[in-house]
Amino acid sequence: MKTRHIAFAITFLMSSLFIPFSATAQDRKGPPPGGGHSPVQTETLEEAGGYQIGEVATDFKLKNVDGKMFSLSDIKNAKGYIVVFTCNECPFAKMYEDRLIALHNEYAPKGYSVIAINPNVNESNTKENFAAMQKRAADKKFPFVYLADEGQKIFPQYGALRTPHVFLLDQDKKVQYIGTIDDNARSAEDVKVKYVEDAIHALENGKKPEPNFTKAIGCPVKAI
């Protein structure tokens, strides 16, 4: 009888230990842990070492998945630019692909195109090389450009640390917002705050985005 009570007590204790863990896992805004790192950016804007809010971003020339070179200046009558650093294989990048497609389809006609850049492109990596980028763009039917940061020269200029990581520029290429796309990586249906869309609406109304900086959520850029 005594042995049975001890066994029951141990079972109850072990069960209670798992309750807070399960609640925490359900609250997590992204894939379950196991990648060996936190998905949330830890660096401050200054520590990221790239553009600060209000600075003018330098234009670039990168190869698009169609084989042609692309620059921001190729977009005529732009009112702004949604520059997002993303990649093929990061689960966070994959979760945001449909949202980026919707963002481009909604706002490109209004002057704000999505410009996707892969900072992880590497010809020795069959999952992130240029051919893999072309396949991913075709499979997902990306309506926006998907550019290869060959030589990894552009992402450090911006201070991109995660995939995805967004930099919203105004028509003068001044950086107006840096961070994550919205407040729920795991579920598009449960998003409460759409940071990028709110920032665009602010610019459209002649105001400064608020907030203008959030911590990006995603996989660390591989070249860092």
> Do any pairs count as a side chain to side chain donor-acceptor pair (under 3.5 Å) and have a residue in residues 91-100, sequence neighbours left out, and if so which ones?
Replying inline: Tyr96-Asp182, Glu97-Arg136, Asp98-Lys140, Arg99-Asp182
> Can you list every pair that meets side chain to side chain donor-acceptor pair (under 3.5 Å) and has a residue in residues 208-224, with sequence neighbours left out?
Replying inline: Tyr177-Thr214
Please enumerate all residues that pass side chain to side chain donor-acceptor pair (under 3.5 Å) together with [X], with sequence neighbours excluded.
X      : answer
Asn77  : none
Asn129 : none
Glu204 : Lys79, Tyr112
Ser113 : none

> With a 4.5 Å limit on heavy-atom distance, are the side chains of Pro209 and Leu203 in contact?
Replying inline: yes
> Considering only heavy atoms from C-beta outward, does the side chain of Asn184 approach that of Lys192 to under 4.5 Å?
Replying inline: no
Main-chain N/O of [Y] paired to [X] side chain as donor or acceptor, under 3.5 Å:
X      : Y      : result
Asn64  : Val145 : no
Ser71  : Ser73  : no
Asp170 : Lys174 : yes

Distance, nearest 0.5 Å, that separates [atom1] of [X] from [atom2] of [Y]:
X      : Y      : atom1 : atom2 : answer
Gln41  : His165 : CD    : NE2   : 4.5 Å
Arg162 : Thr180 : CZ    : OG1   : 11.0 Å
Gln176 : Leu169 : CD    : CG    : 8.5 Å
Leu100 : Asn105 : CG    : CG    : 11.0 Å
Ile178 : Glu55  : CD1   : CD    : 8.5 Å
Leu72  : Gln171 : CG    : CD    : 13.5 Å

If two hydrophobic side chains count as joined below 4.5 Å and joins carry through other members, does [X] share a cluster with [Y]?
X      : Y      : answer
Leu147 : Val65  : no
Val84  : Ile101 : yes
Ile181 : Val40  : no
Val114 : Val175 : no
Ile154 : Leu161 : yes

Partners passing side chain to side chain contact (heavy atoms under 4.5 Å, CB included) against [X] (at least two apart in sequence or in another chain):
X      : value
Ser124 : Asn122
Lys127 : Glu89, Asn125
Glu46  : Thr44, Gln52

Of all the heavy-atom pairs spanning [X] and [Y], show the shortest one and how long it is.
X      : Y      : value
Val221 : Ala160 : CG2-O, 3.8 Å
Ile82  : Val196 : CG2-CG1, 4.3 Å
Thr42  : Glu47  : O-OE1, 4.3 Å
Met95  : Ala185 : SD-O, 3.5 Å
Pro164 : Ile217 : CD-O, 3.8 Å
Asp149 : Pro119 : CB-CA, 4.0 Å

>> The criterion is salt bridge (Lys or Arg N to Asp or Glu O under 4.0 Å); which residues satisfy it with Lys61, sequence neighbours excluded?
In response: none
> Considering residues at least two apart in sequence or located in another chain, which fulfil the disulfide bond (SG atoms under 2.5 Å apart) criterion with Cys90?
Replying inline: Cys219
>> By the ring-ring contact (aromatic ring centres under 6.0 Å, His included) test, which pairs, at least two apart or in different chains, include something from residues 51-86?
In response: Tyr51-Tyr158, Phe85-Tyr158, Phe85-Phe167
>> So if I apply the side chain to side chain contact (heavy atoms under 4.5 Å, CB included) rule between Val121 and each of Glu128, Glu150, Lys63, which one comes out positive?
In response: Glu150
> Taking the inter-plane angle between the rings of Tyr146 and Phe142 on a 0 to 90° scale, is it parallel (under 30°), tilted (30 to 60°) or perpendicular (over 60°)?
Replying inline: perpendicular
